[in-house]
There are 2 protein chains.
Amino acid sequence: MQVLRAMKSTSVSTEKDRAESLEGNQAGKREQTKLANRAAILEAGRQIFAELGYEGTTVRDIIRRTELASGTFYNYFKSKEEVFHALHDDGVARFKPLLRAARESAGQDFQAFMITAFEAYFNFLMNDQSVDREIAAMPEWTRVRFDTPESLALFDELKGDIIAFAAEFKLNHVDPELLTASCVGIAQEIGDRLLRGRIKDIDAAARFAAYFVLGGSQRVQSEMQV
Amino acid sequence: MQVLRAMKSTSVSTEKDRAESLEGNQAGKREQTKLANRAAILEAGRQIFAELGYEGTTVRDIIRRTELASGTFYNYFKSKEEVFHALHDDGVARFKPLLRAARESAGQDFQAFMITAFEAYFNFLMNDQSVDREIAAMPEWTRVRFDTPESLALFDELKGDIIAFAAEFKLNHVDPELLTASCVGIAQEIGDRLLRGRIKDIDAAARFAAYFVLGGSQRVQSEMQV
DNA sequence: ATACGATGTTGACGCGCTGTCAGCTTTTCG
DNA sequence: CGAAAAGCTGACAGCGCGTCAACATCGTAT
């Protein structure tokens, strides 16, 4: 049985847009079911991953939560990994505009960019219904991390921004790759602690990270004393 | 068939010590085979994980590389995850003394500690036969990360060191948890790039990281211009 | 030396997941 | 409307999982 009007309202946004864009036009029924099935699988996957963790879920678990037959799954995805990648990429796509907004609101102000960007990331982490959020928050010892092309594109975009600011501030001896990597590493580790509740204050964390990137622990010291 | 004198010379060091310490004494034969079996499984696991990746390997793959029967595996480990954790912990145990050496050689010099510690970590990553090294170097999109109690203990030790230096330098407004987390994040991301060959110069990377932690991008700029 | 209990090993078994494919249903289009 | 294309279905063979009754080996008491 195919899934026609499945998709709960919680469905993944970018994917939903994809569906709706064809729905308005009188798309062929075939086209519609394909979109609906894909969306149903993704939504089921999002739920199951959140419940069972990445390792714990099976393709069968996902498909069982839809009205589709097991074989149909493989018309849309090769494996659970591909489902997760699609969900992950969707999250990245949702975050991208937030990063762009941070850059635009900051103008030439490197410090403002850093604070806004870290804030945007941490808020996104804590509030967006992304798979990564659910997964990372699980009390597991073994975790997964994903480097999709979409992730790498985001990294490159951030690197581009950082290169621009570095040029502005004559940081010509600072390797942009290393600098960007460090920012990402910091965001990851601090984000992880936020998700696990070991740290509560999102804004303080963002300021810490931003000052740290700009001037290291010394700068943090001078800025954080109220 | 039990494995008595299995262990290749490449076997995991800490575990090997455990075996040899009992071998010298006239340990019971039972005791010996237990150690040898455990070691054989670990060594087989190390190889297979390196060949097939974490996700790709099965308990059967591991046991097939030993002379043991499948049921025996479960007398020693609950799952492949537990094998990996043991291998991982072993790596952590091998790294720990290197970190201690860095702290002792640095005396009261925070900068020296940071440089030596990052150098030690990056060299360890690139040269030690750890599972993590092999795994991280694989061209996968999906990766695993492990937070074992052993890892957390290492983190706490590092945090303790950092707290000591922070007190020395009156960094009383710098949250040690966040600072340590940032160091770890930087080490992870840069280490990853070293493993994947995107970056070559280990010492330059260590200096970058150390200066970055101390004084952020500005400090890197002023220190790295030869 | 022998015998017996304890300890550990073995591999076959039932179960569930994987990915496939022949057959069937639905859609498209002339 | 009818034929061809598209795609859904679920049964199936293959394999990994964790278990366990039967068996082998070791330690120990006599």
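Just so you know, these numbers come straight off a predicted model, no measurement behind them. Chain naming here is simple, since letters A, B, ... match the order of the sequence lines and numbering starts at 1 in each.
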Pairs where residues 178-196 of chain B contributes a residue and the test salt bridge (Lys or Arg N to Asp or Glu O under 4.0 Å) is met, not counting sequence neighbours
A:Arg145-B:Glu189, A:Glu177-B:Arg193, B:Arg143-B:Asp192, B:Glu189-B:Arg193, B:Asp192-B:Arg196

Rounded distance in Å - CZ (B:Arg38) to P (C:dG8)
14 Å

Name the residue closer to the 5' end of DNA chain D, choosing between A:Gly71 and B:Thr57 according to the nucleotide with the nearest heavy atom.
A:Gly71

Is the distance from OP1 or OP2 of C:dG8 to the nearest side-chain N or O of B:Asn37 less than 4.0 Å?
no

Looking only at the side chain of B:Arg60 (C-beta and beyond, no hydrogens), which of the listed nucleotides C:dT9, D:dC17, D:dC8 gets closest?
D:dC17

Sequence neighbours left out, what passes salt bridge (Lys or Arg N to Asp or Glu O under 4.0 Å) with A:Arg133? Give chain and number order.
none

Write out all pairs satisfying ring pair (Phe, Tyr, Trp, His ring centres under 6.0 Å) with one or both partners inside residues 28-49 of chain A, taking only residues at least two apart or from two chains.
A:Phe49-A:Tyr54, A:Phe49-A:Phe84

How close or far is atom P of C:dC17 from atom CD1 of A:Ile48, stated in whole angstroms?
12 Å

Let me know the distance between CD of A:Glu82 and P of C:dT18, rounded to the nearest Å.
14 Å

For residues 115-126 of chain B, which residue pairs qualify under salt bridge (Lys or Arg N to Asp or Glu O under 4.0 Å), counting only residues two or more places apart or in two chains?
none

Take atom OH of B:Tyr74 and atom C1' of D:dG16, then tell me their distance rounded to the nearest Å.
8 Å

Need one value for B:Tyr76: base, sugar-phosphate or nothing, where a base atom within 4.0 Å counts as base even if backbone is also close, heavy atoms only.
sugar-phosphate

Verify whether one side chain among B:Thr58 and B:Asp61 offers a donor that lies under 3.5 Å from an acceptor in the other.
yes

Measure the distance from CZ on B:Phe73 to C1' on D:dG16 and round it to the nearest whole Å.
12 Å

Scan residues 180-209 of chain A for pairs that pass ring pair (Phe, Tyr, Trp, His ring centres under 6.0 Å), counting only residues two or more places apart or in two chains.
A:Phe208-A:Phe212

Regarding A:Thr58, tell me which of base, sugar-phosphate or nothing describes its non-hydrogen contacts under 4.0 Å with the strands shown.
sugar-phosphate

Find the distance A:Asn75:CG to C:dT20:C1' and express it as a whole number of Å.
11 Å

Just by distance, with hydrogens left out, do A:Thr142 and B:His85 show a side-chain donor and acceptor under 3.5 Å apart?
yes

Could you tell me how far apart B:Leu35 (CG) and C:dG8 (P) are, to the nearest whole angstrom?
12 Å

List, with names and distances, any nitrogen or oxygen atoms from the protein found under 3.5 Å away from nitrogen or oxygen atoms belonging to nucleotides 28-30 of chain C.
from: C:dT28; atom 1: OP1; to: A:Lys29; atom 2: N; distance (Å): 2.6
from: C:dT28; atom 1: OP1; to: A:Arg30; atom 2: N; distance (Å): 3.1

Whole angstrom value for the distance that separates C1' of D:dC15 from NZ of B:Lys80:
14 Å

Consider the side chain of A:Ser70, meaning its heavy atoms from C-beta on, and name the nucleotide among D:dA11, D:dG16, D:dC8 that approaches it most closely.
D:dA11

Pick the nucleotide of DNA chain D nearest each of A:Lys34 and B:Ser79; which residue has the one closer to the 5' end?
A:Lys34

